[in-house]
Amino acid sequence: MKLVIAVIRPEKFELVKKALEAEGVVGMTVTEVKGRGEQKGIALQFRGRAMPVDLIPKIKIEMVIEDADVDKVISIVRANGRTGRPGDGRIFVLPVESICRVRTDLDDPAES
Amino acid sequence: MKLVIAVIRPEKFELVKKALEAEGVVGMTVTEVKGRGEQKGIALQFRGRAMPVDLIPKIKIEMVIEDADVDKVISIVRANGRTGRPGDGRIFVLPVESICRVRTDLDDPAES
Amino acid sequence: MKLVIAVIRPEKFELVKKALEAEGVVGMTVTEVKGRGEQKGIALQFRGRAMPVDLIPKIKIEMVIEDADVDKVISIVRANGRTGRPGDGRIFVLPVESICRVRTDLDDPAES
Amino acid sequence: MALDSGDTAFILICTALVMLMTPGVGFFYGGLVRRKNLISMVALSFVALSMVTLQWVFFGYSLAFGPDISGIIGSFTFIGLEGVGTTGDGIPDLLFMVFQMAFAAIALAIVTSAVAERVKLSAFIVFGLLWTTLIYDPIAHWVWGGGWAAQMGIVDFAGGIVIHISAGFSALALALVIGKRVGFGQYSMDPHNIPMTLLGGALLWFGWFGFNAGSALAANGLAVNAFVVTNISAASGALAWMGASWVRGKPSSLGMISGAIAGLGAITPAAGFVGPLAAIVIGTVSGVLCYYALLFRMRKGLDESLDAWAIHGVGGFWGTLSIGIFAIASIGGVSGLIAGVGEQFLLQAFGAVTVMVFSFVGTYIIARFVDALMGLRVSEDEEYVGLDISQHGESIQV
Amino acid sequence: MALDSGDTAFILICTALVMLMTPGVGFFYGGLVRRKNLISMVALSFVALSMVTLQWVFFGYSLAFGPDISGIIGSFTFIGLEGVGTTGDGIPDLLFMVFQMAFAAIALAIVTSAVAERVKLSAFIVFGLLWTTLIYDPIAHWVWGGGWAAQMGIVDFAGGIVIHISAGFSALALALVIGKRVGFGQYSMDPHNIPMTLLGGALLWFGWFGFNAGSALAANGLAVNAFVVTNISAASGALAWMGASWVRGKPSSLGMISGAIAGLGAITPAAGFVGPLAAIVIGTVSGVLCYYALLFRMRKGLDESLDAWAIHGVGGFWGTLSIGIFAIASIGGVSGLIAGVGEQFLLQAFGAVTVMVFSFVGTYIIARFVDALMGLRVSEDEEYVGLDISQHGESIQV
Amino acid sequence: MALDSGDTAFILICTALVMLMTPGVGFFYGGLVRRKNLISMVALSFVALSMVTLQWVFFGYSLAFGPDISGIIGSFTFIGLEGVGTTGDGIPDLLFMVFQMAFAAIALAIVTSAVAERVKLSAFIVFGLLWTTLIYDPIAHWVWGGGWAAQMGIVDFAGGIVIHISAGFSALALALVIGKRVGFGQYSMDPHNIPMTLLGGALLWFGWFGFNAGSALAANGLAVNAFVVTNISAASGALAWMGASWVRGKPSSLGMISGAIAGLGAITPAAGFVGPLAAIVIGTVSGVLCYYALLFRMRKGLDESLDAWAIHGVGGFWGTLSIGIFAIASIGGVSGLIAGVGEQFLLQAFGAVTVMVFSFVGTYIIARFVDALMGLRVSEDEEYVGLDISQHGESIQV
Ligand SMILES: Nc1ncnc2c1ncn2[C@@H]1O[C@H](COP(=O)(O)OP(=O)(O)O)[C@@H](O)[C@H]1O
Ligand SMILES: Nc1ncnc2c1ncn2[C@@H]1O[C@H](COP(=O)(O)OP(=O)(O)O)[C@@H](O)[C@H]1O
Ligand SMILES: Nc1ncnc2c1ncn2[C@@H]1O[C@H](COP(=O)(O)OP(=O)(O)O)[C@@H](O)[C@H]1O
């Protein structure tokens with residue numbers, strides 16, 4: 001199992017979510033975050049001075065998925081979350097050691 | 001060390017927190033999130049049409065604990081966070097490479 | 001690549017952020033969280049009774065960085081996030097398997 | 001008598017103030033529920049205001065203030081506001097009509113306390129129409145429209161019986177019918193947005209000046225007396241509740257504002273009959289009494305969720321009795337126990353008890369009827385998701 | 001005639017109520033935009049209030065209400081409020097001036113709908129000054145200041161033409177010039193804070209009593225009539241929009257409050273001419289009509305973002321016509337179709353259409369001019385970051 | 001003279017408006033503190049309103065407006081409102097009493113600026129009672145109750161000296177005693193909820209019409225003049241502060257609303273003495289002046305946290321002097337420098353300075369006393385956790 005963390009634009013979230021669902025990737029945990037990438041946010045101009053706005057609202061999606069699905073998920077997020085301009089976001093993949101449900105005591109890793 | 005991520009029902013959070021504390025699991029970081037599991041949220045009926053509400057508020061608890069405590073923590077969360085109905089939540093366990101405190105420069109992994 | 005998770009005091013966040021930026025650590029994702037450490041929060045006294053306030057607002061910074069930068073990042077956070085009193089926070093380091101951008105399909109791990 | 005521009009100006013503005021109270025109740029309540037039901041709570045108050053407005057025009061006003069039929073109800077004379085004109089005695093009849101409309105609206109808004117976070121919008125509409133027609137309008141007629149209570153000499157300056165006892169005890173009955181919220185008593189349902197409640201409280205306190213002083217129906221000394229004792233009782237109630245709860249723990253701001261509402265509810269019937277020092281006693285007692293009523297309600301596990309009963313019902317009851325204790329003839333022509341007259345107290349008690357029983361029983365029957373008809377309550381899933389989404393398709397993005 | 005203290009008291013307070021409406025518009029709109037533009041939206045309303053206040057003192061009042069020049073505009077007689085004193089007929093002239101100032105301010109605030117989430121603050125200031133001077137002041141003169149429309153017999157009790165048609169259709173033109181928000185139609189721009197919108201709506205509803213009843217300029221029967229029909233139309237509009245939208249989906253609270261505003265906008269011109277039952281029809285029709293106008297606007301992909309056009313423009317238009325249908329001479333001296341007189345309807349239609357065209361075309365030209373001069377719109381980056389940060393350097397930390 | 005229903009109506013409603021200002025201050029301030037102290041900040045304003053209400057009834061009114069004792073203080077004649085009745089000259093005495101009560105309440109609410117985010121609730125209650133009794137009541141007596149200042153001919157239409165100078169400079173003294181917030185100057189304490197501050201500002205602007213126009217104590221031309229210049233000065237102050245801060249950076253909405261309050265504070269003493277054009281100057285100067293006062297305060301590292309001093313103190317001071325410059329005898333019977341009379345300016349300056357010194361020194365002593373008695377300040381841990389939890393046991397869940 002892997003934990004895929006995708007940090008994307010809030011305005012792309014609906015699209016990404018729908019696309020993931022269409023491909024059967026349903027389980028996800030979503031957090032409102034702020035972030036900056038290498039561009040150090042957005043540099044507004046103000047009276048000639050640059051006024052950087054370095055923390056921009058983003059949506060963080062965490063999905064625990066089968067190893068085999070990682071590439072699929074990444075390409076869905078990319079396909080639907082992209083505008084091509086800086087700030088589109090990142091995807092990180094982390095190893096997961098085990099997962100389980102709260103609803104039942106049966107561990108059924110295959111489930112999710 | 002492991003990072004245990006438990007995503008549970010908000011209304012069960014107090015119970016779970018108290019139970020963890022009673023068993024000596026004190027350190028935790030808590031985030032308000034929204035999530036959906038395999039049930040794709042809750043399907044309200046509206047005029048015969050289904051109106052899915054797919055992102056339901058949840059509480060995410062992150063705890064970094066000793067490897068040996070993982071099973072204990074999981075069973076506490078399960079025992080106290082369960083209603084038996086869909087939406088009770090998930091627990092993920094991730095490996096942690098190292099931990100340290102901000103307050104002091106002494107690394108004392110045994111501490112936490 | 002590593003995922004460094006630093007949970008720090010909100011009032012120290014600006015300082016830490018600036019210091020990281022000065023050292024070239026720009027990319028980060030920031031979440032408002034609440035947490036408790038071993039002190040179980042802050043124990044207010046009220047009419048002789050202790051009234052624990054166990055979840056204190058914190059800022060969680062997630063940074064995915066090169067393995068080589070981990071020590072640097074940790075010492076920056078420590079240097080700038082510290083007050084010396086309980087509640088200064090924790091830093092966790094997790095392994096990251098892969099990272100990629102949403103903006104482009106080119107995987108360029110060296111980039112970030 | 002001809003119209004008086006000063007009196008007309010006063011009651012016009014007072015009516016606007018009372019109208020603002022209905023959304024005020026919405027914000028007061030909205031801050032007390034869980035975030036997922038805030039919109040629903042405020043919306044219910046607007047629905048109450050809108051529905052009652054039309055009902056009042058069509059026949060409500062006529063039922064309440066039409067020519068009396070055997071002391072029980074008004075006739076249909078004023079249906080569609082037929083014959084309610086812009087002339088009158090001091091103020092136009094039409095102005096009296098709209099001032100009273102605002103009272104009818106807020107009474108229903110107060111009752112929404114009982115169904116917070118679990119009522120079906122459609123069922124509330126049906127319930128609300130029945131309630132305002134079958135409970136509120138008759139009571140208004142009895143006390144203010146020349147009905148039996150007025151004939152007996154029971155007095156109620158601005159609505160302690162008509163609005164607070166009726167709404168408070170109706171809320172209690174309604175809460176029993178609709179049942180507890182899922183999880184009530186099992187996990188915390190702490191108010192999520194106290195500042196919004198304080199805002200609602202501020203609007204209520206503000207609007208209440210129009211409510212009580214306006215009930216003099218003229219800009220005269222009586223209105224001034226009502227205004228002054230209103231503020232005093234609110235302040236006393238706020239400090240009393242705060243003090244009483246401080247003894248047991250922290251003095252919450254919610255307690256303080258609840259105490260203010262308790263003081264306001266209690267002084268409402270008495271505002272035209274008692275003086276400033278009596279108002280201090282009335283407000284103080286109300287703050288403490290309603291606080292204990294709330295504790296009692298919680299101990300009993302009753303989910304009359306936002307305490308319309310404990311605050312409006314109990315406070316209004318106490319205030320109605322208090323006339324019989326503190327009234328001074330020189331203020332409003334009525335004397336109480338302290339002035340050495342016992343009769344008014346018995347009258348007030350009789351009025352309060354009768355309306356209490358009528359409201360409780362009548363509302364219970366209406367609520368059971370609506371529940372049988374269409375179900376008062378949303379499904380468990382809808383309740384879990386929250387009424388904002390399930391009833392209105394909306395949510396707060398903040 | 002001498003001053004009347006009752007009338008003066010009434011209009012003073014009504015003016016205060018109307019002043020509160022301008023921030024009310026800000027909160028109404030503020031809840032509808034994305035979180036990153038909330039502060040900006042509220043700030044625009046305060047800027048409108050402040051700017052128009054000074055413009056009105058310097059020359060705006062004189063343009064609108066100065067001695068008539070050929071039916072087109074007022075002369076500069078009252079410049080700097082020269083000669084506008086504290087004596088008058090019933091109420092002081094200076095009071096009439098400030099009452100009208102509040103109207104001018106809110107008109108501009110309504111127009112901000114069109115530029116929500118993308119206007120440059122500096123450009124809005126320039127646009128606003130031009131708009132209030134070149135569009136609002138002439139129209140106010142035509143209809144209320146003794147201009148051609150007044151001379152013809154076109155009536156507008158409290159501003160259906162002067163405020164709602166003018167602001168609504170101006171907003172439409174302005175929206176066309178400034179263009180859609182980035183991402184409009186591509187991704188959801190759902191309102192982020194409905195409770196704030198409901199709060200703004202509550203303040204608007206409250207203030208509207210001052211707006212409409214105050215337009216009688218006296219605390220008399222006419223004011224009472226206006227007050228009553230205002231509330232009825234608001235309630236009818238709220239329920240009608242709610243009902244109409246319920247058929248298609250969930251009855252949102254936003255629909256309900258929008259319907260209330262639609263009802264209020266529609267009754268505004270008619271409040272001194274029609275009775276309570278007509279108000280039910282006017283409000284109900286307005287609720288449904290404005291709802292369909294909104295759906296139409298969305299279908300056309302027009303980003304007149306917060307629906308000043310659909311609600312104020314369309315509602316005000318309908319209300320202006322409705323006088324020609326429902327007016328009864330005994331109320332305001334004017335008769336409509338139902339009273340068997342057709343002339344007023346044609347007059348009203350002519351007035352409504354002329355002002356509609358003038359507002360639309362005039363605003364279009366002004367907006368193009370300001371756009372050419374300095375750019376109406378922020379850069380794409382600034383829009384993305386939000387106007388709170390980019391225009392005001394502020395953000396919400398909640 | 002008999003009662004006048006128009007005047008009575010007017011002052012009743014004005015009193016309600018001023019009452020709304022006290023929570024208005026709470027919301028204004030509440031938006032400026034960190035989230036963890038919002039509830040506390042609003043609660044303090046309600047506590048001020050409640051406490052002062054009772055103090056005023058018991059003896060405050062008598063101290064301020066009882067028969068004069070040597071120009072220093074009122075006698076105990078009116079204790080418990082003894083002899084304050086519903087008859088009077090134009091308006092009932094009891095109405096004057098309650099109008100003044102609202103003023104006393106808001107003065108204390110303004111002072112809470114100084115102790116934001118760190119005051120112990122119990123200590124504030126003790127301090128507040130002492131302050132309103134020992135500082136506010138005497139000053140009110142001096143200026144309005146027939147004391148030495150009134151005898152000398154110092155004028156203050158609606159409270160520039162009595163409320164704004166006294167509260168502003170008291171806040172400064174209090175801030176020095178209680179000390180800086182932990183972390184002040186080290187890390188950002190940016191306002192967390194500007195929209196709430198704007199809401200508070202809107203309520204203040206609205207209520208201020210009652211404050212200033214109501215101070216005419218009649219619905220007459222003077223009230224109208226006060227109303228008009230109030231709005232003009234608010235608008236001028238808003239635009240001036242906005243402009244001044246725009247030169248240095250972004251024109252924040254907080255600056256704009258602060259400027260409006262600065263304009264309102266400055267016009268308060270002058271509203272019955274100056275005309276519209278003078279109001280533009282008074283407001284504009286106040287906006288700029290208070291902005292620089294704020295910058296000065298920050299540069300000095302003074303944690304008078306929410307700028308009661310910079311805005312109310314400095315604005316009120318300027319406004320008090322401005323009477324001596326701009327007053328025209330035809331408006332309020334007083335002439336200033338521009339009318340060629342220098343005496344009033346000296347009188348005003350003397351009054352302003354004396355009250356400034358008295359407030360500062362007196363408050364300093366009271367604050368030291370309360371601090372010694374019970375500690376003004378919460379513990380460091382409580383401050384860190386926030387006053388909402390530590391003083392009220394509440395928190396915002398949004
Ligand atoms: N190194 C990093 N660690 C953690 N989060 C990051 C990192 N880099 C970027 N992010 C997150 O991704 C978001 C988008 O990053 P950005 O660099 O703007 O994207 P892109 O490179 O596609 O333009 C940031 O706002 C931040 O939340
Ligand atoms: N695959 C997943 N990845 C990340 N989070 C998940 C995943 N599956 C579930 N969750 C989180 O757990 C919550 C509860 O999941 P759910 O499937 O409803 O629980 P259950 O399976 O016990 O009914 C979801 O709301 C979501 O936040
Ligand atoms: N074991 C843990 N797992 C997850 N988060 C933790 C853990 N321990 C501490 N934290 C986070 O770090 C924050 C600060 O911890 P604390 O123990 O108060 O710091 P310190 O030990 O430096 O005094 C907590 O509020 C919590 O968010």
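Quick caveat, the model's predicted, so the values are computed rather than measured. The chains referred to below are lettered A, B, ... by the order of the sequence lines, with proteins before strands, and numbering in each begins at 1.
- Of all the listed residues (D/Pro191, D/Ala260, D/Gly210, D/Ala238), the one sharing the greatest number of non-hydrogen pairs under 4.5 Å with chain F is D/Pro191.
- If you measure heavy-atom distances from D/Leu254 to chain F, the contacts under 4.5 Å come from both the backbone and the side chain.
- A cation-pi arrangement, defined by a distance under 6.0 Å to the six-membered ring centre and an angle within 45 degrees of its axis, is absent between F/Lys120 and F/Phe127.
- Taking 4.5 Å as the limit, some side-chain heavy atom of D/Leu294 sits within range of a side-chain heavy atom of D/Trp241.
- Heavy-atom distances place both the backbone and the side chain of D/Pro195 under 4.5 Å from chain F.
- Looking at D/Ile257, the atoms closer than 4.5 Å to chain F (heavy atoms on both sides) all sit in the side chain, from C-beta outward.
- Side chains of D/Leu17 and D/Phe206 form a contact here, defined as non-hydrogen atoms less than 4.5 Å apart.
- Classification of D/Lys250 and F/Glu394 as a salt-bridged pair fails, no side-chain N sitting under 4.0 Å from a carboxylate O.
- Contact of D/Ile280 with chain F is made through the side chain alone, with heavy-atom distances under 4.5 Å.
- Using a 4.5 Å cut-off between heavy atoms, F/Ser40 makes no contact with chain D at all.
- In this structure, no portion of F/Phe10 lies under 4.5 Å from any heavy atom of chain D.
- Proximity to chain D involves both the backbone and the side chain of F/Leu94, based on heavy atoms less than 4.5 angstrom apart.
- Counting heavy atoms from C-beta on, the side chains of F/Phe124 and F/Gln391 never come closer than 4.5 Å.
- With a threshold of 4.5 angstrom between heavy atoms, F/Val47 approaches chain D through its backbone and through its side chain.
- Heavy atoms of D/Leu277 lying under 4.5 Å from chain F belong exclusively to its side chain.
- At a threshold of 4.5 Å between non-hydrogen side-chain atoms, the residues D/Ile39 and D/Ile396 count as touching.
- D/Val224 is listed as a side-chain neighbour of F/Leu12, based on a closest heavy-atom distance under 4.5 Å.
- Only the side chain of D/Phe209 comes within contact range of chain F, with heavy atoms under 4.5 Å apart.
- Among the candidates D/His192, D/Glu117, D/Arg181, the single residue satisfying the side chain to side chain donor-acceptor pair (under 3.5 Å) test with D/Asn37 is D/Glu117.
- When heavy atoms are compared at a cutoff of 4.5 Å, D/Asn231 approaches chain F by way of both its backbone and its side chain.
- Only the side chain of F/Met97 comes within contact range of chain D, with heavy atoms under 4.5 Å apart.
- Counting only heavy atoms from C-beta outward, the side chains of F/Ser305 and F/Arg118 approach each other to under 4.5 Å.
- Heavy atoms closer than 4.5 Å to chain F are found in the side chain of D/Met242, but not in its backbone.
- For D/Ala223, the parts lying under 4.5 angstrom from a heavy atom of chain F are both the backbone and the side chain.
- Taking D/Ser252, D/Gly275, D/Gly201, D/Gly31 one by one and counting their heavy-atom pairs under 4.5 Å with chain F, the maximum is reached by D/Ser252.
- Looking only at side-chain heavy atoms (C-beta outward), F/Phe28 and F/Ile261 come within less than 4.5 Å of each other.
- With a 4.5 Å cut-off on non-hydrogen atoms, F/Leu199 touches chain D through its side chain but not through its backbone.
- Looking at F/Ile389, only its backbone comes within 4.5 Å of chain D, counting heavy atoms on both sides.
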